[in-house]
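Heads up: the structure comes next, in structure tokens.
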Amino acid sequence: MEAGGTVLQASVHLRHIIPLDFDSLDYAPQSDTPHVSGGVESEDAEHSLPTIDLDSPLAEELLVRACESWGMFIVTNHGIPSDVFKGVEEDALRFFSLPKGGKMKALRAPGGTVGYGMAPLAAILEKFLWHEGFTMIGSPVEQAKQVWPRDYMRFCVTMEEYQKRMKTLSEKILGLILKNYGGLPSFHECGGPSGVLQLNSYPECPCPNEMIGLAPHTDTSFITIVHQNNVSGLQLFHEQHGWISVAPMTGSLVVNVGDMLHIMSNARFLNALHRATVSRMGHRLSFAYFCGPPADFEVSPVVKTCCSSGPDQEARYRPVTKREYKGMKNRDLNALSLIKITQRHESGYKC
Ligand SMILES: C=C1C[C@]23C[C@@]1(O)CC[C@H]2[C@@]12CCC[C@@](C)(C(=O)O1)[C@H]2[C@@H]3C(=O)O
Ligand SMILES: O=C(O)CCC(=O)C(=O)O
Ligand SMILES: [Fe+2]
């Protein structure tokens with residue numbers, strides 16, 4: 001009985017990990033949230049998403065303002081040469097173009113983080129995502145060896161180099177955003193910020209209006225840095241503008257605020273609600289680098305300690321570690337509501 005239960009549980013988990021068979025045209029499973037619903041695209045608003053030159057003396061001020069009013073922005077002059085992106089695109093495509101059986105050799109284990117599979121959020125949606133991903137933390141050597149037993153090093157070198165670049169860039173951007181909060185937290189004995197790289201692939205879709213690549217979500221990170229190939233799909237939800245498209249722009253990167261920075265800023269910075277739509281016009285690739293706190297570092301709202309009281313002097317969320325928060329989010333995408341402080345807390349969480 002117990003063994004049967006375990007088998008059943010494992011197959012239920014695998015259903016949410018194994019991506020669709022994109023080449024099979026026998027079926028057109030609907031996604032949970034077709035992209036045509038839930039808002040209109042605004043051409044004007046697309047141009048309003050702030051573009052910030054990281055070399056500008058105004059960068060710090062503009063970054064803070066963008067975090068407050070958009071939760072997402074575009075950065076230029078980030079210092080990463082275009083051939084680095086070209087290299088990752090080539091190797092990502094080399095992987096995603098393999099027959100399904102080849103990719104399955106790198107399948108993410110149930111409950112695991114790294115490897116090939118549908119985005120983890122699929123586990124709490126009823127229907128499928130038109131998405132496949134490859135997640136890595138540092139070297140992907142274990143998975144690459146399974147996929148290319150004789151030629152695994154090239155993929156590893158490319159991905160490790162990209163993560164190094166993203167780590168430096170994300171810490172620079174986060175350091176600027178948090179300057180007013182005393183800079184990047186030291187994370188005590190927990191080590192530095194944690195980095196996760198997610199390669200996203202959205203193959204050409206025969207029925208793009210029926211499917212979604214990634215359903216609306218916020219990221220758990222402090223910040224996420226996204227590179228997109230030349231196929232559009234990323235959309236941001238903005239209270240005033242609805243869903244707006246964030247088209248790829250050569251030489252620029254998209255950065256969004258995640259839940260951890262939203263909590264730490266006591267809701268001053270918006271955690272961007274975003275999604276990825278799919279297209280009939282080409283195979284879309286995106287690379288998302290999630291920069292977050294170490295799993296066991298307690299993130300708490302930084303609240304100003306001054307005599308006057310008011311909404312900004314009261315913590316809006318209770319302290320939480322990323323590990324605990326992700327556990328909650330695996331069951332409920334709206335995990336923020338579970339740590340929200342609804343009543344005035346007498347002692348407050350002040351720093
Ligand atoms: C570090 C991570 C963040 C992420 C879960 C993951 O372990 C790797 C994939 C990430 C991603 C990408 C798509 C949306 C998202 C909600 C998901 O299901 O997988 C995020 C996760 C997150 O930010 O919590
Ligand atoms: O594909 C994209 O542009 C978005 C990817 C994303 O939101 C994610 O990986 O969390
Ligand atoms: Fe995301």
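For ligands, and for the atoms within them, numbers begin at 1 and follow the listed sequence.
Ring-centre distance between Y325 and Y317: not below the 6.0 Å cut-off.
At the top of the distance list for atom 3 (O) of ligand 2, counting protein heavy atoms only, stands R284 NH2, 2.7 Å. In terms of protein heavy atoms, atom 4 (C) of ligand 2 is closest to L234 CD1, 3.8 Å. Atom 5 (C) of ligand 2 has as its closest protein heavy atom N200 ND2, 3.4 Å. For atom 8 (C) of ligand 2, the closest non-hydrogen atom on the protein side is L214 CD1, 3.7 Å.
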Please test V88 against R165 for side chain to side chain contact (heavy atoms under 4.5 Å, CB included), starting from the C-alpha separation and ending with a verdict. CA-CA 12 Å; V88 184; R165 299 249 187 199; over 6 Å; no
How far apart are the C-alpha atoms of E132 and Y116, what are their side-chain angles, what is the distance that settles it, and do they pass the side-chain hydrogen bond (donor to acceptor under 3.5 Å, both in side chains) test? CA-CA 7 Å; E132 53 181 345; Y116 173 67; 2.6 Å; yes
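Counting heavy atoms from C-beta on, the side chains of F222 and S170 never come closer than 4.5 Å. No side-chain heavy atom of K100 sits less than 4.5 Å from a side-chain heavy atom of F22. Annotation: side chain of M328 is in contact with side chain of I339 (closest heavy-atom distance under 4.5 Å). Here the side chains of L121 and L129 are in contact, with some heavy-atom distance below 4.5 Å. Taking 4.5 Å as the limit, some side-chain heavy atom of V254 sits within range of a side-chain heavy atom of M72.
The atom of D219 nearest to the Fe ion (ligand 3) is OD1, with the search restricted to N, O or S atoms. Of all N/O/S atoms in H217, NE2 sits nearest the Fe ion (ligand 3).
Taking every non-hydrogen atom of F290 and a distance limit under 4.0 Å, the qualifying atoms of ligand 1 come out as 10 (C), 12 (C). Atoms of ligand 1 found under 4.0 Å from any heavy atom of T135, numbered from 1 in the order shown, are 8 (C). Applying the 4.0 Å criterion to heavy atoms of K326 picks out, from ligand 1, the atoms 1 (C), 2 (C), 3 (C), 5 (C), 6 (C), 7 (O). Near S286, with a cut-off below 4.0 Å to any heavy atom, the atoms of ligand 2 are 1 (O), 2 (C), 3 (O), 5 (C). Numbered from 1 in the order shown, with element, the atoms of ligand 2 that lie under 4.0 Å from a heavy atom of A288 read 9 (O).
There is no protein heavy atom less than 4.0 angstrom from atom 21 (C) of ligand 1.
Contact analysis leaves R275 out of contact with ligand 2, as no non-hydrogen atom separation drops below 4.0 angstrom.
Figure legend: cation-pi geometry between R94 and W148, with NZ or CZ positioned under 6.0 Å from the six-membered ring centre and within 45° of its axis.
Of the options V246, V254, D219, V231, the smallest heavy-atom separation from atom 10 (O) of ligand 2 is shown by D219. Distances from atom 15 (C) of ligand 1 to the heavy atoms of V196, L125, L121, D259 show the closest one on L121.
Considering backbone and side-chain N/O of Q228, none are found under 3.5 Å from N/O of ligand 2. For ligand 2, the polar-atom distance check against Y202 finds a nitrogen or oxygen pair separated by under 3.5 Å.
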